[in-house]
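I have placed the structure first, in the form of structure tokens, so that the comments after it can refer back to it.
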Amino acid sequence: MSEQTQTKDRTQQAGRYEPRAIERKWQARWHADELYRTPDDDPRPKWYALTMFPYPSGDLHIGHWYAMSPSDAHARFMRMRGHNVLFPMGFDSFGLPAENAAIKRHVHPAEWTASNIERMREQLRAMGTMFDWTREVVTSSPEYYRWTQWWFLQLLSHDLAYKKQAAVWWCPNDQTVLANEQVLDGKCERCGAVVAKRDLEQWFFRITRYADELLDFSGLEWPEQVQTMQRNWIGRSEGAELRFGLDAPGADTEEIRVFTTRPDTVYGVTFFVLAPEHPLVARITTDEQRDAVRAYVEATSRETEIDRLSTEREKTGVFTGAYVINKFNGERVPVWIADYVLLTYGTGAVMGVPAHDQRDFEFAKKYGLSIIPVFQHPDWDGGELTQALGHGGRMINSGPFNGTPDEEAIAAVTRYAEERGFGAGTVSYRLRDWLISRQRMWGAPIPIIYCDEHGAVPVPEHDLPVLLPDDAEFRPTGESPLTYHEGFLHTTCPRCGKPARRETDTMDTFMCSSWYQMRYIDPHNGERPFSREQARRWLPVDQYTGGAEHAVMHLLYTRFFTKAARDMGVVEFDEPMRRLFNQGQILGPDGQRMSKSRGNVIAPDDQVERWGADTFRAYLMFLGPWELGGPYDPSGITGVHRWLNRAWNVATGDAGTASLPGAPPTRDLRRWTHKTIAKVTEDIANFRFNTMVAALMEFTNYLTKTRESGEPVDAVAWDDALASLVLMMAPSTPHIAEELWARLGRPYSVHTQSWPEFDPALAMEDEAEVAVQVNGKVRDRLLLPRDAAEDVARERALASEAVAAHVAGKDIARVIYVPNRLLNIVVK
RNA sequence: GCCGAAGUGGCGGAAUGGCAGACGCGACGGUCUCAAAAACCGUUGGGCUUCACGGCCCGUGUGGGUUCGACUCCCACCUUCGGCACCA
């Protein structure tokens, strides 16, 4: 029998790699054995790994796989490294799509949601993740939203929730209110419809109370980008609130306040501007100006937010006929209204300092208002200004402050204002309180009852949950369907027992996701959202992964919730997630976002059917750096599939082994094994999955070559090499690893084994290839003993013909030697 | 406009001061096959040169700089992608 046929027979005996069969087999076994059940009473150090839970839209798409497979691999790695790992999964199942489906197809959102969850749970299982399903959390289940309502009551009783009439963003398409964060470029974040303002009674959470604390990221390993986005969103500005006297016949107040970051420019105020919607506008406008003002206010209200926020367009405004008095110098300046002033920031008013603010400058130029510089800026020659002056120089035209240098000006003027009662130093934020009311049915009902006598009365804790009716009618009306549901609406006042009405708004779904990570630790607790003991054991989350699109909403809200929970005595830490990693976004093969209309959608189920879950998982990791995302190229997956085949063949076949512990091929095998362990360990720990897979491929290629060379190697070293390979594959390709582990005759399960140890002594090469350069250009390569001395290297280099040719006839000016790497001969 | 990330073969990418292109895809050549697919083996940055072995030059968005040595550090600019954007 020839050599060839022998090999063939061995392969046949071992069987071919058939991913679908082994994946089904092991998934069933793991499930039956509860392999991934996370015990609470495990003495090993805990590791809470979390990946953002999905909205149950009906199908797992490639983005879920891209987010979850590497996350799962890392969690599995931590488990093999000796941690008791909690890696749970659930569904963020309240929200608009279910309700829209209900309107369109006349199914109850609960039904639609339940069947979607059912389907997605199966798809998630097919992925081969180590989720502990006994801890599953479904935010739309009464067992969960009961506690969401409990949180609302807690926040209310700690004065962190309140109700007020407010102009709020309204989406005419979704027929609901939106939070500021859900409005992008004046459009609904969800459906793209142009939004408008509406006045409604709404519930808010006092997130602004935590604005300063939310700016503190110390102790958090979060991407700089997310921190920056949150800082920008919170928008902290230091400055002063200054008081101006009001000189308008119709006004009932004598004073108006304005926030400024430049109180030091107050002597340069030549006009004053109010937002067109400012409540004072109607009262201070003089009769002569009334028509013009009214027309302007109306025109503004008709503008879309997009137009209004455009920086390009020319500033417009109208004089009100009123004046204010600058208390610092007694000057009387005109009050205008202009749409570049926003009612929602500061006090809705701006002091116009055209010499030092570009926006004010443009406004003053257009309307012929005077411009008075109050700093002798070094770049300014004293002539007419063509643009506003920046910081720098000493104060001028500023009465007692003349000569004060730029750096001291703000503090000096603020102090003076405080002494004279003209105002005070203060801090202003862009962040607004979090509006949580939604005029929708498929959300957690706000647990409030309205009584004619007692007003808004919280539902007593023991009456929770306030259940959603299962027979509500769905009509797109702009009000919650709960409003029409008599059974839900009518109740009695918890205080007096008289007939009362329930709140019909539900809570923003971001509330559900603000605390879900806390529920996973104790998901079946019927007494509390979670026990104190469990919180001490598991929280906070050690590693969170998810998309950067949640940087300012979910991730800011959950931080707020945690801080509020701490102040309410519910938890004992300050931050919900210690480490955060943002993966990139996976795109269609054409580099565009995947969408049905573009026809570039890759269905994960198809990929799994064709290649198996392991191949698909590993390929998603192999594509490129996880944080970058990028296009999915369906043709490249064959490379990963071939690798798994090679790994299968090398691990299931025989090698020509013997007891040869000291032989050179054995040393080489040991070296490769430990070099790979070092590389893979480092890569997976740092979320560099692409180079991790590449290292495993290289190792597999090396093993294949070694086996095919026919050179005998030591049996123990060979077994160690194969075991190491399989162990290192276990986090990323869990099914084939389990199968190969069994075929190597090792005890079940590969996933409960320890991660292979790296021995630096074994990884050490005893020879090194040293590049020899002449004037920085590589002319030869030498194989030298490890850590060879410089003179040895130099002598060998000069003996090389290729090197000598470039050195001949020249003087050696310098030699740079980097042991084991390079020798550079500098000649003149 | 401001802030951040990125720009490397035909493509995804690797290398963060020391041999550019690891690992893959694709392509080309081969083995097997009636054939195709699959699988496996080999070659593959560009150019010039040599019968051949080989040798030489160029090359990491562009232009400068630092250095014995730069994809990597510094300065200026261009492009792409994110985020923010009249926030007083």
Side-chain angles (χ1 to χ4, degrees), chain A residues 4 7 11 16 184-185 223-229 231-233 235-237 239 258-262 265 273 275 308-313 315 338-342 344-353 356-360 362-363 428-431 548-549 551-552 582 584-585 589 591 619 622-625 627-643 645-646 649 688 690-701 704 708 769-781 802 805 813-827:
Chain A
Q4 197 120 41
T7 312
T11 314
R16 280 184 45 221
L184 299 175
D185 294 331
E224 209 52 54
Q225 207 186 340
V226 173
Q227 297 185 31
T228 305
M229 283 168 75
R231 276 195 201 99
N232 289 344
W233 188 261
R236 184 180 199 273
S237 299
V258 67
F259 175 76
T260 176
T261 54
R262 293 293 306 277
T265 62
V273 197
R308 187 157 170 191
L309 285 177
S310 163
T311 22
E312 263 100 83
R313 90 193 172 131
K315 298 198 170 16
D339 64 4
Y340 79 90
V341 177
L342 308 172
T344 49
Y345 186 77
T347 61
V350 167
M351 62 181 213
V353 186
H356 297 282
D357 182 285
Q358 188 59 28
R359 296 156 300 180
D360 296 345
E362 286 164 22
F363 194 74
S428 185
Y429 300 90
R430 210 184 81 116
L431 182 71
E549 66 273 17
V552 283
N582 288 133
Q585 202 180 32
Y619 182 52
F622 183 64
L623 277 175
E627 65 274 22
L628 293 185
Y632 182 84
D633 171 10
S635 64
I637 195 167
T638 52
V640 173
H641 193 65
R642 284 174 196 154
W643 163 53
N645 264 312
R646 283 198 300 277
N649 291 336
R688 291 195 294 260
N690 56 330
T691 48
M692 173 202 72
V693 173
L696 289 172
M697 284 174 170
E698 277 186 89
F699 187 41
T700 308
N701 293 346
T704 304
E708 281 170 4
E769 196 184 69
V770 175
V772 182
Q773 300 181 332
V774 179
N775 286 350
K777 286 195 168 140
V778 179
R779 299 301 175 182
D780 202 1
R781 298 180 170 88
R814 218 179 141 183
V815 175
I816 287 103
Y817 179 54
V818 184
N820 307 318
R821 285 197 171 266
L822 147 155
L823 182 83
N824 188 12
I825 302 168
V826 185
V827 297

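In what follows, chains carry the letters A, B, and so on, assigned in the order in which the sequence lines appear, proteins first and then strands, with residues in each chain numbered from 1. Computation of the quantities below employed the complete heavy-atom set of this structure, encompassing side-chain atoms and omitting hydrogens, waters and symmetry-equivalent molecules.
Counting any heavy atom pair closer than 4.0 Å across all strands shown, A:A349 reaches a base atom. The residue A:L623 sits close only to the backbone: its heavy atoms come under 4.0 Å of sugar-phosphate atoms, none of a base. Nucleic acid contact for A:F622: base, since at least one base atom lies under 4.0 Å from a heavy atom of the residue.
The side chain of A:K777 contributes an N or O atom lying less than 4.0 Å from OP1 or OP2 of B:C58. Taking only side-chain nitrogens and oxygens, A:N701 never comes nearer than 4.0 Å to OP1 or OP2 of B:A22. Residue A:R16 has no polar side-chain atom (N or O) positioned under 4.0 Å from OP1 or OP2 of B:A39. Contact annotation: A:R642 side-chain N/O to B:G26 OP1/OP2 distance is under 4.0 Å. Between B:C19 and A:R781, no contact under 4.0 Å exists linking OP1 or OP2 to a side-chain N or O. A sub-4.0 Å separation between OP1 or OP2 of B:G24 and a side-chain N or O of A:T638 is absent.
Contact annotation: side chain of A:E769 to base of B:C19, donor-acceptor pair present below 3.5 Å. Side-chain N/O atoms of A:N824 and base N/O atoms of B:C68 include a donor-acceptor pair closer than 3.5 Å.
Nearest heavy atom pair, residue A:M351 against residue A:T265, reads CE-OG1, 3.8 Å.
Its glycosidic angle being more than 90° from 0, B:G63 falls on the anti side.
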